[in-house]
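Here the structure is laid out as structure tokens; the discussion comes afterwards.
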Protein chains: 2
Amino acid sequence: MPERGRPRTFDRTAALRHAMGVFWVQGYEGASISDLTAAMGINSPSLYAAFGSKEALFLEATELYTRIEGADIWLALEEAPTARLAIERFLQRTAKAYSQTDRPQGCLITLGALHQDSTRGAICDDLRRRRAENHAALRKRLERGVAEGELPSGFDCAAVATFFATVQHGMSIQARDGASCTALLATVAGAMAAWQTMAGTGAA
Amino acid sequence: MPERGRPRTFDRTAALRHAMGVFWVQGYEGASISDLTAAMGINSPSLYAAFGSKEALFLEATELYTRIEGADIWLALEEAPTARLAIERFLQRTAKAYSQTDRPQGCLITLGALHQDSTRGAICDDLRRRRAENHAALRKRLERGVAEGELPSGFDCAAVATFFATVQHGMSIQARDGASCTALLATVAGAMAAWQTMAGTGAA
DNA sequence: CCTTTTCTGTAGTGATCGATACATAAATAC
DNA sequence: GTATTTATGTATCGATCACTACAGAAAAGG
């Protein structure tokens, strides 16, 4: 525990939260160091001393985002008694969260860095990994549904997880285009309309 | 027809096509003038003389994209005999087009500029307008289905159009993450699984 | 006290951003 | 021919990019 030296005069976590907000609105490459330091209330040397680089700051911001903003959505998967309810509540919470007007619309993980270029492969890789984790969480919940007899044994959990993950990704773009919670819930209803067909026939 | 003056030494349309490819891969702000001129085989003064500005070049590139790359997908809507087949073929052509390996994955209109900032409001507005046009095309095809008796009179065409547009947007991100055509077709199957439920109950 | 360690603000670094000035080249108009 | 018009290549422009050198300030260790 390094208590030596001049103590930091700003709240590191609060600054990180502000940086997360900037990345959320503007994306990785759209957020300049000036934007970040202005929002964080510090000068650039403090940013580099505390976080290392813009890239490292972004990675910490996505980690915070996953923990703070994303947790509630994904908790729905575990808590719901059936796979069907789990998916439905997961999408409904997504609709609500993505359209809140007191924060940026859509998802930082989905929209943060879609265009790979030479300098930010690590950023894209990190976001892709997180998106893959989300897909895996959906698939595992569906597999639990199969194991518990709610879904037929031939159910293609991976394909259905891809479908619902794709819907969620699309909702990020709809939300970024200004879609209301009501509009997003209409999409959720559409996605859930697929459930009975898929659950009945063994999917896909 | 201005035949006066020194004639242009490059093919304007071919250069525009190359610029479109750069914007498609890297997005609006990810594509630098250097990237563009290198791909177009010209120097920056020629770019500005022929296209005016980076912003104007992008707008022309999206227009070309809509006309060349997007036409085939949207033609499916008009040609198919039923609304159901129209939507299904529309999504299937999307799956194929977005996953082609001889061009960038996903859609330029969807992925080109998702982060609004002060300098590129016109770009975002243009892409949003094109996305809105796509939504309107889907809605109109569904309304035709209602008019022709294929769909019930209470069918919520706008909401269902939103659902399928959202799926298509999500497919852009999946494709950008490396999803194969097969994987995208699984998502299409999922989306179409919703059809019979929506068509039977009056949707949403 | 003095040294060490760490943070802070000022003021930059070289690189690259989008966009141009300028002289020259190549066409038409007369 | 000369004048006019437009395109081209070189060589930038000021602004901003991500990042940092440096000196002073504020703490602990001795």
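The chains referred to below are lettered A, B, ... by the order of the sequence lines, with proteins before strands, and numbering in each begins at 1.
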**OP:** Starting from the 5' end of DNA chain D, give me the residue, A:S53 or A:G5, whose nearest nucleotide shows up first.
**Re:** A:S53
**OP:** Would you indicate what A:P7 reaches in the nucleic acid, counting non-hydrogen atoms under 4.0 angstrom: base, sugar-phosphate, or nothing?
**Re:** sugar-phosphate
Original post:
Looking at A:Y65, does the NZ or CZ of A:R67 lie under 6.0 angstrom from its six-membered ring centre and within 45 degrees of the ring axis?
Top reply: no
Subject >> Closest nucleotide among C:dT6, C:dG9, D:dT8 to the A:S46 side chain >> reply: C:dG9
**OP:** Indicate whether OP1 or OP2 belonging to D:dT8 is found under 4.0 Å from a side-chain N or O atom of B:T9.
**Re:** yes
Subject >> Length of the line joining B:F10:CZ and D:dA7:C1', which is rounded to integer Å >> reply: 9 Å
**OP:** In sequence, state the C-alpha distance, the side-chain angles, and the governing distance for B:S46 and B:N43, and then conclude on side-chain hydrogen bond (donor to acceptor under 3.5 Å, both in side chains).
**Re:** CA-CA 6 Å; B:S46 297; B:N43 295 114; 5.7 Å; no
Subject >> Rounded distance in Å - CE (B:M40) to P (C:dG18) >> reply: 13 Å
Subject >> Residue whose nearest DNA chain C nucleotide is more 5′ - B:S34 or A:P45 >> reply: A:P45
Original post:
Atom CD1 of B:I87 and atom CE of B:M192: how far apart are they, to the nearest 0.5 Å?
Top reply: 7.0 Å
**OP:** Figure out the CG/P separation between A:D35 and D:dC17, and round it to whole Å.
**Re:** 7 Å
**OP:** Would you mind checking if A:E78 and A:R141 are paired as a salt bridge, meaning a charged N to carboxylate O distance below 4.0 Å?
**Re:** no
Original post:
Rounded to the Å, how far apart are A:I33 CD1 and C:dT16 C1'?
Top reply: 15 Å
**OP:** Starting from C1' on C:dA21, measure out to OH on B:Y48 and report it in whole angstrom.
**Re:** 14 Å
**OP:** Measure the acute angle between the ring planes of B:Y28 and B:F58, then classify it against the limits of 30° and 60° as parallel, tilted or perpendicular.
**Re:** perpendicular
Original post:
Counting any heavy atom closer than 4.0 Å, what does B:F51 reach on the DNA or RNA strands: base, sugar-phosphate only, or nothing?
Top reply: nothing
**OP:** To the nearest Å, give me how far apart CZ (B:R8) and C1' (D:dA7) are.
**Re:** 8 Å
Original post:
If you take atom types as modelled and just measure distance, does the side chain of B:R4 reach the base of C:dA27 with a donor-acceptor pair under 3.5 Å?
Top reply: no
Original post:
Rounded to whole angstrom units, what separation is found between the CD1 atom of B:I123 and the P atom of C:dG18?
Top reply: 12 Å
**OP:** Determine the contact category for A:S44: base if any of its heavy atoms lies under 4.0 Å from a base atom, sugar-phosphate if only primed atoms, P, OP1 or OP2 are that close, otherwise nothing.
**Re:** base
Original post:
How long is the line joining CG of B:N43 and P of C:dT20, in whole Å?
Top reply: 16 Å
